[in-house]
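Here's the structure, in C-alpha cells; my notes come after.
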Amino acid sequence: MIHYYTNREISDKLDINLARWKRWSRSFLPPDPLGGHQSGYARQYVFKDLFRVYLGGHLLSHLKLSVSDACSVLVDLSPWLKKNGFLELNGSMEKLKAKAGRKAPCRVYFRKLKAQGGKNSAPFGYLIQKTVSRQVDGEDCRKSTQTLEETIWGCDLGDGQAFLEAPEIYFINLSALFYALIDKVDS
C-alpha cells in the first residue's frame, strides 16, 4: 500500500518550518492536481515527491543555489535518479528501507560551466561517483581501496579527476541524504 504524506506531517517529521516546506514543494513539484492554495485539499506526497523536494531544499538551504539553478539541477539529475532507484514509487517504507540498504554509496559533484552563446544562465556539468567495491586494510594505519563507477555529463572533460580540479564545485552525498530522509520519515 502506498503511503501519502501531508505538508504538516512531513514538516513535523523533518523538523522543517511548514511555510518553508510548502514553498519548496511549490518550487520543485508541478502544481497540485487537486487544487491550488485555497481549494480546501491538502497536498499529498509519495516518497519520490518527498525526495525531490528534500533534495531541492538541500540545494537551496545548504548549497545556497538560487531557485532557478536548483530547479535546473533537479531537472538534469532526475533521469539518473529515476534510473538508479532514488525516485521510485514504492508501496511501503519497509520496501524502501530494503532497497536503500542495497544502494551503493553515491556522491554527486557539479559545477557551473561558462555561459555559451547568448544563454542567460550557464548550464551545469556533473560527475556522479558510485562506490562499487571497498576494501579496508591495516590495523595501525588504515588504508582504504575503493573502486568507483563514474558518470560524467554536461561537459567535455575526460575523467573525474580533471572535473574535481575545478575551483568552485558543489557536492551532494546523495545516498546519505536519501538514508536520512528515510530514517526521519519512518520515525
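We use all heavy atoms of the structure for the numbers below, so side chains are in, but hydrogens, waters and symmetry mates are not.
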Q: Answer yes if L18 and V185 sit in the same cluster of Ile, Leu, Val, Met, Phe, Trp and Tyr residues linked by side chain heavy atoms under 4.5 Å apart, and no otherwise.
A: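 Different hydrophobic clusters.
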
Any side-chain heavy-atom pair of [X] and [Y] under 4.5 Å:
{"X": "L164", "Y": "Q129", "value": "yes"}
{"X": "S11", "Y": "K22", "value": "no"}
{"X": "L174", "Y": "L81", "value": "yes"}
{"X": "L181", "Y": "L55", "value": "no"}
{"X": "W21", "Y": "L50", "value": "yes"}

Q) Relative to the ring of H58, is the ring of H62 parallel (under 30°), tilted (30 to 60°) or perpendicular (over 60°)? A)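 Tilted, since the angle between the ring planes falls between 30° and 60°.
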
Minimum heavy-atom separation for [X] and [Y], please, with both atom names.
{"X": "R111", "Y": "E168", "value": "CB-O, 3.4 Å"}
{"X": "S25", "Y": "N7", "value": "OG-OD1, 4.4 Å"}
{"X": "S27", "Y": "C71", "value": "O-SG, 3.4 Å"}
{"X": "L60", "Y": "A70", "value": "CD2-CB, 4.1 Å"}
{"X": "S72", "Y": "F124", "value": "OG-CD1, 4.1 Å"}

Q. What residues, two or more places apart in sequence or in another chain, satisfy side chain to side chain donor-acceptor pair (under 3.5 Å) together with D76?
A.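 Scan of D76 (side chain to side chain donor-acceptor pair (under 3.5 Å), adjacent residues dropped) gives Y126.
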
Q.
Restricting to side chain to side chain donor-acceptor pair (under 3.5 Å), what partner residues turn up for R43, sequence neighbours left out?
A.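 Residues passing side chain to side chain donor-acceptor pair (under 3.5 Å) with R43: none at all.
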
Using side chain to side chain contact (heavy atoms under 4.5 Å, CB included) as the criterion, list what pairs up with [X], not counting sequence neighbours.
{"X": "R20", "answer": "I16, N17, R23, W24"}
{"X": "N173", "answer": "R107, F171, S175, A176"}
{"X": "T151", "answer": "W80, I128, W153"}
{"X": "S66", "answer": "S68, D69"}

Q) Between Y170 and F110, is the gap from one ring center to the other below 6.0 Å? A) yes

Q: Tell me whether the centres of the aromatic rings in F51 and Y45 are closer together than 6.0 Å.
A: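 Judged by ring-centre distance (under 6.0 Å), F51 and Y45 do not meet the cut-off.
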
(Q) Test ring pair (Phe, Tyr, Trp, His ring centres under 6.0 Å) on Y54 and F47; report intermediate values, then the result. (A) CA-CA 10 Å; Y54 192 64; F47 187 80; 9.3 Å; no

Atom pair [atom1] ([X]) and [atom2] ([Y]), whose distance is rounded to the nearest 0.5 Å:
{"X": "I182", "Y": "L177", "atom1": "CD1", "atom2": "CG", "answer": "10.5 Å"}
{"X": "L77", "Y": "I172", "atom1": "CG", "atom2": "CD1", "answer": "6.5 Å"}
{"X": "R52", "Y": "L87", "atom1": "CZ", "atom2": "CG", "answer": "5.0 Å"}
{"X": "L59", "Y": "K64", "atom1": "CG", "atom2": "NZ", "answer": "12.0 Å"}

